[in-house]
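So the structure is just underneath, and the comments pick up after that.
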Amino acid sequence: MFFRAAWSLVLRKTGPGIRGMHSPGSAAHGEGKMPPYTSYHAQRTYPMPDEPFCTELNAEQRALKEKEKGSWTQLSHAEKVALYRLQFHETFAEMNRRSNEWKTVMGCVFFFFGLTALLIWWQRVYVFPEKPITLTDEWKAQQLQRVLDMKGNPVQGLASRWDYEKKEWKK
């Protein structure tokens with residue numbers, strides 16, 4: 001529904017609005033009163049719009065509107081539906097109908113996830129250099145042994161947790 005309201009604002013032909021286009025001393029359009037709103041907008045929270053859905057009627061529709069002024073018992077079901085469609089664009093059931101827009105959104109999300117994963121894979125294979133030797137497990141083990149041999153920080157650090165007599169970690 002928000003999309004429909006935004007789209008009606010985009011398609012509005014009157015520009016900044018009729019109210020802002022006349023001077024304070026003159027009447028709008030020379031009629032002495034403000035014209036009705038120019039865009040039809042109905043939603044569940046505001047079910048009775050200010051103007052009917054169809055404002056320009058053909059001859060058949062005008063005849064139906066004249067027949068509407070009489071007794072409604074003489075109108076057929078199809079004529080009543082046609083009169084409803086002249087006044088409103090959608091029924092409440094049509095307004096509340098679920099859309100399949102979520103499928104498009106999820107498709108786009110997964111498409112961009114896949115594109116991102118492909119880009120990351122390509123960078124790891126062709127762009128980034130190989131891991132430096134200092135990140136290998138053998139190098140890390142040698143570095144740890146060097147810190148222990150130098151007895152680095154023997155009071156509270158790593159060397160304080162190493163038992164030098166048994167050559168194993170303290171428990």
Side-chain angles (χ1 to χ4, degrees), residues 1-21 35-58 61 77-78 80-171:
M1 283 190 235
F2 174 74
F3 175 75
R4 191 179 312 142
W7 187 248
S8 70
L9 290 175
V10 169
L11 293 179
R12 182 177 290 173
K13 297 177 183 177
T14 60
I18 294 172
R19 293 184 182 200
M21 293 180 359
Y37 294 106
T38 56
S39 63
Y40 175 87
H41 181 69
Q43 50 182 305
R44 285 184 343 191
T45 57
Y46 187 68
M48 301 298 245
D50 294 331
E51 66 178 25
F53 176 64
C54 293
T55 54
E56 299 175 6
L57 304 176
N58 59 21
Q61 292 171 338
H77 180 70
K80 290 177 184 178
V81 170
L83 282 171
Y84 182 85
R85 290 296 178 180
L86 290 177
Q87 188 69 26
F88 304 105
H89 178 60
E90 293 178 321
T91 63
F92 277 104
E94 291 169 346
M95 279 190 236
N96 295 333
R97 181 182 58 228
R98 291 184 177 211
S99 70
N100 289 331
E101 188 178 4
W102 68 272
K103 294 177 185 177
T104 305
V105 171
M106 292 305 293
C108 290
V109 166
F110 288 131
F111 173 77
F112 284 112
F113 277 162
L115 189 66
T116 304
L118 195 64
L119 182 67
I120 290 172
W121 171 80
W122 178 79
Q123 286 179 343
R124 285 191 180 193
V125 171
Y126 296 107
V127 176
F128 296 141
E130 292 188 23
K131 286 184 178 180
I133 195 170
T134 56
L135 293 179
T136 60
D137 290 335
E138 297 84 26
W139 186 276
K140 290 179 184 178
Q142 290 174 355
Q143 190 71 15
L144 176 63
Q145 187 60 47
R146 182 169 179 256
V147 170
L148 293 175
D149 291 344
M150 291 174 39
K151 296 184 181 180
N153 201 1
V155 178
Q156 292 182 343
L158 190 61
S160 67
R161 297 186 190 104
W162 179 257
D163 190 357
Y164 286 97
E165 297 166 359
K166 297 181 184 176
K167 304 280 187 195
E168 62 183 26
W169 293 104
K170 292 180 183 177
K171 297 180 184 178

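Since we're looking at a predicted model, the values are computed, not measured.
Taking the six-membered ring for Trp and thresholds of 30 and 60 degrees, H89 and F53 have ring planes inclined between 30 and 60 degrees apart. Below 30°, between 30° and 60°, or above 60°: for W162 and Y164 the angle between ring planes is above 60°, a perpendicular geometry.
Note that CZ of R124 is 11.5 Å distant from CG of L119, once rounded to the nearest 0.5 Å. Atom NZ of K167 and atom CD of E165 lie 10.0 Å apart (nearest 0.5 Å). Taking CD of Q61 as the reference point, atom CG of L83 lies at 9.5 Å (rounded to 0.5 Å).
Residue E168 qualifies as enclosed at atom CD: its count of foreign heavy atoms under 6.0 Å is above 12. No more than 12 heavy atoms of other residues, nucleotides or ligands sit less than 6.0 Å from atom CD1 of I133. Within 6.0 Å of the NZ atom in K80, the count of heavy atoms belonging to other residues, nucleotides or ligands exceeds 12. Shown here is W102, whose CH2 atom has no more than 12 heavy atoms of other residues, nucleotides or ligands within 6.0 Å.
In this structure, the side chains of L144 and L148 come closer than 4.5 Å at one or more pairs of heavy atoms.
Looking only at distances, a side-chain donor or acceptor of K170 sits under 3.5 Å from a matching main-chain atom of S160. Between the side chain of E94 and the main chain of T91, a donor-acceptor pair closer than 3.5 Å is present.
Minimum interatomic distance between A159 and P154 (heavy atoms only, all atoms of both residues): CB-CA, 3.9 Å. The minimum heavy-atom distance linking R85 with E90 is given by the pair NH1-CA, 3.9 Å.
By the ring-ring contact (aromatic ring centres under 6.0 Å, His included) test, F92 is found to be paired with no residue, residues two or more places apart in sequence or in another chain being considered.
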Let me see the working for T116 and I120 under side chain to side chain contact (heavy atoms under 4.5 Å, CB included), right down to the final yes or no. CA-CA 6 Å; T116 304; I120 290 172; 4.0 Å; yes
